[in-house]
Student: 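I have a structure I would like to understand better, so I am pasting it below and will then ask my questions one at a time.
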Amino acid sequence: MPQKSFETRARELASAFAAKDYERCSHLLPQLKVTLSQLNILVPLLSSDLELLAVARDILEIGALTAIFLRDDLLFSRYIAQLSPFYAMKDKIQPPSSNEKKLIALRLLLLLSKNDIAEFHTELETLEDEADKDVYIRYPVMLERWLMEGSYDKVWKATTQRSEVPAEEFAIFAVILVDTIRSEIATCSEKAYPSLPLMNAKHLLFFTEDADLLEFIDQRGWSTKDGRIYFPQENTDPLESGLPMENIIENTLGYARELETIV
Amino acid sequence: MPAPESKEPKVDNKDEKMTDADTVQKPKSPEEIAALVLNDIKQNFGFLDKAAGNFEPRFSMRVLRGLGNLRRRLTPDILVSTVDAAYPSPSHKSAALILKYLGKEGSTMEIDESSSDSSTPVVLPEIDIYVLVLLQVYLLDQGDLVKLNSFNDEAITILRGYNRRTLDALAAKMWFYYAYGKELNKQVVELRPLLLAVLRTSTLRHDTETRAMLTTLLLRNYLHTQAISQAHQLVLKADFPEAAATSVVARYLYYVGRIKAIQLDYSAANESLIGAIRKAPQTSYAAGFLQAAHKLKVIIELLMGDIPERSWFREPMYEKALSPYMDLVKAVRIGEVPQFSDTIEKYGAVFKKDGTYMLILRLRQNVIKTGIRMMSLSYSKISLRDICIRLHLDSEESAEYIVAKAIRDGVIEATIDHEKGFMQSKEILDIYSTQEPNMAFHERIKFCISLHNESVKAMRYPMNQHRVELKNVEEAREREKELASEIQEGDMEDDDGDFDGL
């Protein structure tokens with residue numbers, strides 16, 4: 001009996017997702033997960049029924065995509081974590097999932113927007129070759145490369161122009177990424193330019209409105225004068241800032257202690 | 001997956017696989033050779049006896065070190081004679097097992113013993129396990145993987161029946177071949193729960209050798225399937241016994257270095273790798289391991305921004321293996337992206353096999369940074385357009401952003417003038433007036449001190465010396481006691497005499 005209502009509910013979920021009714025999806029999902037665990041297919045084991053596993057995986061994927069559209073990062077991460085044992089067994093579960101690459105790419109993008117580069121590379125190691133071939137996965141990989149190099153204009157183009165983005169889910173991350181880029185460029189500019197005219201600043205920071213630019217300037221604490229921005233200069237003269245006494249003392253005491261232990 | 005890790009650094013030269021006993025080119029006849037080998041094996045039995053009797057692991061280690069040599073000379077006949085020599089009857093459990101796998105059931109003398117199920121007390125467990133390991137090695141060299149696997153399963157069951165500390169080193173060896181056999185048979189993931197369970201048991205029993213070997217095997221397992229985060233968790237949670245054999249420690253350090261490199265912790269990875277290279281034996285037997293370790297070290301140094309020394313690449317042991325890496329270093333040093341991409345294209349397959357491909361992709365930004373640094377050092381003022389052209393970047397805008405980022409990362413000291421579109425380098429600061437020399441000296445002093453401390457800890461004293469001392473001390477004490485009592489008696493006598501004299 002629970003099997004039957006499970007199937008109907010699964011179909012209900014699929015139709016709700018196709019209709020982009022994400023609220024309804026998020027209502028249906030917890031119940032379905034409970035049913036999945038009752039049927040022992042929430043966690044795939046070698047002993048589980050393979051057909052049901054495919055269904056379970058599809059349900060979890062819909063869950064993950066819903067979480068993206070609802071902009072719930074934690075929920076998305078949880079679904080991805082639950083999906084990873086399914087993907088590890090991917091040669092056994094038929095049919096192979098079409099959403100797999102997309103979800104992996106989304107996870108990479110999430111890590112990138114949170115600036116969690118170590119985790120990003122760890123995940124990337126498990127992918128090896130596919131990075132170059134798959135259009136979904138190539139997106140966050142190229143983004144990361146450009147961010148690391150510093151070619152922010154390419155990143156800007158990739159995130160804001162619809163033609164570059166492979167799927168609509170990726171566009172949701174665009175906002176976060178643009179903020180990240182802006183703060184990166186701002187930090188770079190502080191060090192690199194002695195001063196900058198306002199027009200150029202607007203262009204560099206990809207702002208369209210002057211008001212946005214001024215707000216940003218206030219946020220970063222820069223000073224403006226005569227239509228130029230002046231960045232706070234750091235005092236780089238080492239002699240003025242004094243010797244780092246504590247460090248030197250600590251080191252020297254360490255040497256003395258070690259020397260004393262030599263018999 | 002890097003094949004060199006399968007090479008045992010301690011004893012084996014994998015290049016000399018034995019396919020046929022008759023390839024041993026000696027002027028003696030096969031029977032004489034067999035007799036010699038058998039003698040060696042019997043000698044090893046003697047060592048194992050001593051090891052078990054005196055609880056001295058040195059003898060087990062010695063026996064294991066001879067394993068590599070013996071391996072090349074094993075034949076089915078020698079093994080049968082070994083079984084004869086080791087076990088009192090062919091119906092002994094292990095004996096029967098070995099004969100079955102050699103395909104020689106019933107070809108030895110049939111001595112019918114009545115009690116054949118439990119092991120007779122005469123057979124030392126060490127010898128038992130040693131002969132089983134010999135057979136494992138033999139099957140592996142024959143390339144007979146299916147047989148090896150089923151033999152392994154049964155051999156491990158026998159091993160787990162024993163619980164003796166003197167078996168540690170041999171048990172660790174057996175586990176190694178077991179896991180290796182499974183890996184060759186692609187049954188890697190199923191192995192994990194078993195390895196974890198045995199790790200728990202050996203930790204409870206304070207079995208250092210097995211624990212160290214199992215931790216290393218688990219790490220290898222995880223890295224094989226790219227389960228890096230799990231490997232990382234294992235490194236964090238499971239303490240690695242530093243007292244284990246240096247070859248295992250070297251392997252462990254190598255795996256830790258790889259994990260750290262993937263997680264962008266380059267300085268820690270570098271330290272681990274330096275430790276691994278130092279602990280590995282420096283002979284040609286460890287060539288595979290050393291090559292793999294050096295490859296990884298080169299990449300990590302590049303990622304940290306240093307250029308590895310050219311002298312390494314010239315050593316005969318490394319020259320051929322490291323030649324793609326030398327080209328890579330050249331490309332990074334010059335700082336030109338197209339050349340870098342070409343090198344990657346050309347040697348892509350090699351890098352993927354070595355498992356360093358993903359790490360090398362990360363080098364792209366290093367190439368660009370090196371290029372920019374050279375520009376900044378050579379020109380006091382250079383237009384952004386020129387930078388764009390020389391570094392083969394895509395546009396002037398990109399060039400500007402990249403230079404700005406490089407300045408922020410501290411790669412170069414310069415300022416950009418946006419309106420006029422050029423980059424101007426700052427005056428080069430006199431480095432002696434900064435903290436740099438202080439920090440560099442501090443690093444070196446720290447290194448020397450730790451080296452000194454480790455050497456002190458590693459010092460070993462000859463085994464029975466202290467007993468001799470003790471004996472001396474005992475005698476000394478005896479003498480002192482005698483002296484003291486004599487003095488006492490003498491005193492009293494003298495005193496009496498004195499009193500008398502008074």
Side-chain angles (χ1 to χ4, degrees), chain A residues 46 88-89 117-129 131-132 141 144-156 181 184-185 187-197 199-201 203-204 236-239 243-244 247-248 250-252 254-255 257-259 261-263, chain B residues 189-190 223 225-229 232 259 261-265 337 352 355 357-359 361-362 364-365 368-369 372 393-395 397-410 413-419 423 426 429 433-435 438-439 441-442 445-446 448-450 452-453 456:
Chain A
L46 286 168
M89 286 176 63
I117 307 291
E119 206 42 54
F120 182 89
H121 279 285
T122 314
E123 292 267 347
L124 201 57
E125 281 287 327
T126 59
L127 292 175
E128 291 252 0
D129 269 345
D132 291 331
V141 170
E144 195 264 341
R145 205 179 283 177
W146 290 326
L147 267 181
M148 283 294 135
E149 279 174 10
S151 13
Y152 296 116
D153 55 331
K154 292 206 191 104
V155 182
W156 171 256
I181 310 176
E184 288 282 312
I185 300 179
T187 328
C188 294
S189 318
E190 279 170 18
K191 296 261 172 63
Y193 301 96
S195 73
L196 204 56
M199 283 294 109
N200 299 73
H203 178 70
L204 277 179
T236 51
D237 188 1
L239 293 177
L243 296 170
N247 214 7
I248 299 182
E250 206 181 305
N251 287 346
T252 323
Y255 304 152
R257 193 174 41 231
E258 293 291 335
L259 283 173
T261 60
I262 297 179
V263 175
Chain B
V189 184
E190 292 87 4
L223 282 174
T225 49
Q226 312 286 5
I228 313 275
S229 29
H232 182 62
I259 297 175
I262 293 176
Q263 296 186 319
L264 298 179
D265 193 355
V337 179
K352 281 191 192 148
Y357 187 65
M358 302 304 292
L359 291 172
L361 284 181
R362 289 188 213 166
R364 223 182 113 88
Q365 29 157 335
I368 297 183
K369 287 205 173 103
I372 294 186
L393 297 173
D394 291 324
S395 70
E397 269 196 7
S398 307
E400 186 168 353
Y401 283 124
I402 293 179
V403 171
K405 182 159 200 291
I407 295 176
R408 188 203 63 181
D409 288 338
E413 295 274 330
T415 51
I416 308 179
D417 189 332
H418 183 86
E419 290 125 29
M423 168 180 96
K426 280 198 198 146
L429 202 55
S433 64
T434 65
Q435 286 297 309
N438 192 6
M439 291 199 287
F441 277 130
H442 179 64
I445 294 175
K446 230 171 42 174
C448 292
I449 289 181
S450 70
H452 174 261
N453 285 341
V456 170

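Letters A, B, ... mirror the listed sequences (proteins, then strands); counts begin at 1. Below, each value reflects all heavy atoms present in this structure, side chains not excepted, and no hydrogens, waters or symmetry copies.
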Student: Where does B:D265 contact chain A at under 4.5 Å (heavy atoms): side chain, backbone, both or neither?
Tutor: neither

Student: Counting C-beta onward and ignoring hydrogens, is there a side-chain heavy-atom pair between A:E144 and A:I117 closer than 4.5 Å?
Tutor: yes

Student: Just to verify, what does A:S151 make a side-chain hydrogen bond (donor to acceptor under 3.5 Å, both in side chains) with, not counting sequence neighbours?
Tutor: A:E149

Student: Looking at chain A, which one of B:E397, B:K446, B:H442 has the largest number of heavy-atom pairs inside 4.5 Å, strictly under?
Tutor: B:H442

Student: Which bit of B:H232 is near chain A, if near means a heavy-atom gap under 4.5 Å: side chain, backbone, both or neither?
Tutor: neither

Student: Pick whichever of B:I228, B:I445, B:T415, B:N453 has the most heavy-atom pairs under 4.5 Å with chain A.
Tutor: B:I445

Student: When rounded to the nearest 0.5 angstrom, what is the spacing between CG in A:L147 and NZ in A:K154?
Tutor: 11.5 Å

Student: With distance as the sole test, does B:R362 use its side chain to make a donor-acceptor pair with the main-chain N or O of B:I262 at under 3.5 Å?
Tutor: yes

Student: Chain A heavy atoms under 4.5 Å from B:L264: which part of the residue, side chain, backbone, both or neither?
Tutor: side chain

Student: If I take atom CD from residue B:E400 and atom OH from residue A:Y152, how far apart are they, to the nearest 0.5 angstrom?
Tutor: 13.0 Å

Student: Let me know if B:I416 has heavy atoms under 4.5 Å from chain A in its side chain, its backbone, both or neither.
Tutor: both

